[in-house]
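Counting from 1, the numbers follow the sequence of the chain as shown.
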Amino acid sequence: MEYIKQLKNNKSQILESWLKKQSDEKIAAGISFDEEETKEYSEQVVNLLIDSINGDNLDIVNSPDFYTLIELLKDVSFSRARQGFTPRETGNFVYTLKEAIFEVLVKEGDQQPLHFFIMLSRIMDNLAIHTFETFIKGREDVILRQTDEISEISTPVIKVWDGILALPIIGTLDSARTQTVLENLLEKIVETESSIAILDISGVPAVDSLVAQHLLKAVSATRLMGADCIISGIRPEIAQTIVHLGIDLSQIVTKATLASALKHALRVTNIELKANQKK
């Protein structure tokens, strides 16, 4: 078909126009970019797109002919998600190509039928959808990884003395985080052969029945590993909440501060500290 032939004959002009649009957009947004890398993958996209279009698949947006192109766009989109690009910047990656194609074709004359522009637009919009979907998945992966890293950082198990561990909990204690806390704590108990673990909840903003259940689960798991558990950081408002909720912590040693819990742990393990006396 004549209009498809015209599209293929203007491949270099389309690439040039698209590269300029990408460059102008990034410069305006103050985004640094690798010009050679941008040119390389942009050229691959243009070649795959234009070489894949023919008279048989123009009205089939999900034609297998476009699969290689879609996979390339997914790779680019996923990479951009991990690099911190915005959804707008990622979407414009495809939409500026669409603009470049239409502008070049219009300059060549108005002989292209409306049907061609509509079908070509549908193909480009479908590519943009794949790009957005992959970008969202990429951002979700980044967020999940960061969440896991933050969770690990915010639940450190500290060996404060031989046989004594402390785990300061900061932030909300939900089911997923409880699992992380338990895994870290139990692994450390086995590794250090500790007999006492102190769970300090000074950094937990509020304790409700669900949080209390998570704490009890941690205490039970610790005891199954042969270690005693002390809960410290019981503030007055938390104590009142626990009493109001009718939660029974009578079988668990609780202390107001981490220092008090540590003193108790040292006493239980028969460790005596002596202050240095100056002569």
**Student:** Evaluate the ring pair (Phe, Tyr, Trp, His ring centres under 6.0 Å) criterion for residues Phe93 and Tyr41: first the C-alpha distance (whole Å), next the side-chain angles of each, then the deciding distance (0.1 Å), finally the verdict.
**Tutor:** CA-CA 11 Å; Phe93 175 69; Tyr41 64 66; 5.6 Å; yes
**Student:** Which heavy atom in Trp18 sits nearest to a heavy atom in Ala100, and how many Å separate them?
**Tutor:** N-CB, 3.8 Å
**Student:** How far apart are the closest heavy atoms of Arg139 and Ala81, and which atoms are they?
**Tutor:** NH1-O, 2.9 Å
**Student:** Would Val106 end up clustered with Tyr95 when hydrophobic side chains under 4.5 Å apart are linked, directly or stepwise?
**Tutor:** no
**Student:** Can you find a pair of side-chain heavy atoms, one from Arg235 and one from Val207, that are under 4.5 Å apart?
**Tutor:** no
**Student:** Side-chain contact, heavy-atom cut-off 4.5 Å: Ile101 with Leu49?
**Tutor:** yes
**Student:** For residues Ser209 and Leu245, report the shortest heavy-atom separation together with the two atoms involved.
**Tutor:** N-CD1, 3.4 Å
**Student:** With side chains defined as the heavy atoms from C-beta onward, is the minimum distance between Asp51 and Lys11 less than 4.5 Å?
**Tutor:** yes
**Student:** Rounded to the nearest 0.5 Å, what separation is found between the CD1 atom of Ile242 and the CG atom of Asp208?
**Tutor:** 10.5 Å
**Student:** Under 3.5 Å, is there a donor-acceptor pair between the side chain of Asp24 and the main chain of Lys21?
**Tutor:** no
**Student:** Between CG of Asp141 and CD1 of Ile136, what distance do you get to the nearest 0.5 Å?
**Tutor:** 12.0 Å
**Student:** Compare every heavy atom of Lys159 with every heavy atom of Leu165, then report the nearest pair and how far apart it is.
**Tutor:** CD2-CA, 3.8 Å
**Student:** Please check if Val190 and Leu167 belong to a single hydrophobic cluster, counting links between Ile, Leu, Val, Met, Phe, Trp and Tyr side chain heavy atoms closer than 4.5 Å.
**Tutor:** yes
**Student:** If you count heavy atoms of other groups shown closer than 6.0 angstrom to NZ of Lys8, is the number above 12?
**Tutor:** yes
**Student:** Determine, stepwise, if the pair Gln251 / Val219 fulfils side chain to side chain contact (heavy atoms under 4.5 Å, CB included).
**Tutor:** CA-CA 10 Å; Gln251 302 302 313; Val219 171; over 6 Å; no
**Student:** Going only through I, L, V, M, F, W and Y residues with side-chain contacts under 4.5 Å, is there a path from Leu72 to Phe78?
**Tutor:** no
**Student:** Less than 4.5 Å apart, side chain to side chain, heavy atoms only: is that true for Glu183 and Gln179?
**Tutor:** yes
**Student:** Establish whether Leu262 and Ile158 are linked, either directly or via other cluster members, by ILVMFWY side-chain heavy-atom contacts under 4.5 Å.
**Tutor:** yes
**Student:** Pair Thr90, Thr134 - check side chain to side chain contact (heavy atoms under 4.5 Å, CB included), show working.
**Tutor:** CA-CA 10 Å; Thr90 303; Thr134 306; over 6 Å; no
**Student:** Backbone N or O of Leu216 within a donor-acceptor pair of the Ser220 side chain at under 3.5 Å?
**Tutor:** yes
**Student:** Just verifying a value: how many Å separate Ile70 CD1 and Asn62 CG, rounded to the nearest 0.5 Å?
**Tutor:** 6.5 Å
**Student:** Met225 vs Ile189, test: side chain to side chain contact (heavy atoms under 4.5 Å, CB included). Steps then yes/no.
**Tutor:** CA-CA 8 Å; Met225 298 301 296; Ile189 288 174; 4.2 Å; yes
**Student:** Could you state the interatomic distance from OG1 (Thr254) to CG (Leu199), rounded to the nearest 0.5 Å?
**Tutor:** 12.0 Å
**Student:** Going by heavy atoms in the side chains, are Lys98 and Asp125 under 4.5 Å from each other?
**Tutor:** yes
**Student:** Can you tell me how far the CG atom of Leu73 sits from the CZ atom of Phe66, to the nearest 0.5 Å?
**Tutor:** 11.5 Å
**Student:** Counting only heavy atoms from other residues, nucleotides and ligands, does the tally under 6.0 Å from CZ of Arg88 exceed 12?
**Tutor:** no
**Student:** Let me check something: do Leu19 and Val76 share a hydrophobic cluster, defined by ILVMFWY side-chain heavy atoms less than 4.5 Å apart, either directly or through other members?
**Tutor:** yes
**Student:** Between Leu69 and Val45, is any pair of side-chain heavy atoms under 4.5 Å apart?
**Tutor:** yes
**Student:** Which value, rounded to the nearest 0.5 Å, describes the distance between Glu43 atom CD and Leu48 atom CG?
**Tutor:** 10.5 Å
**Student:** Without hydrogens or angle criteria, can the side chains of Asp65 and Ser52 be said to hold a donor-acceptor pair below 3.5 Å?
**Tutor:** no
**Student:** For the pair Thr131 (side chain) and Leu127 (backbone), establish whether a donor and an acceptor sit closer than 3.5 Å, ignoring hydrogens and angles.
**Tutor:** yes
**Student:** What's the verdict on side chain to side chain contact (heavy atoms under 4.5 Å, CB included) for Thr269 and Ser195, showing C-alpha distance, side-chain angles and the deciding distance?
**Tutor:** CA-CA 9 Å; Thr269 52; Ser195 58; 4.1 Å; yes
**Student:** For a quick test of reading the model, state the closest non-hydrogen atom pair linking Ser202 to Gly233 and the distance between them.
**Tutor:** OG-CA, 3.3 Å
**Student:** For Phe135 and Thr86, work out which heavy atoms get closest and say how close.
**Tutor:** CZ-C, 3.7 Å
**Student:** Does a donor on one side chain and an acceptor on the other come within less than 3.5 Å for Gln22 and Ser42?
**Tutor:** yes
**Student:** Is it true that atom CD of Glu99 has more than 12 heavy atoms of other residues, nucleotides or ligands lying nearer than 6.0 Å?
**Tutor:** yes
**Student:** Flag the pair Lys188 and Glu191 as a salt bridge only when some basic side-chain nitrogen lies within less than 4.0 angstrom of an acidic carboxylate oxygen.
**Tutor:** yes
**Student:** Count the heavy atoms of every other residue, nucleotide or ligand shown that sit under 6.0 Å from CD of Glu237, and state whether that count exceeds 12.
**Tutor:** yes
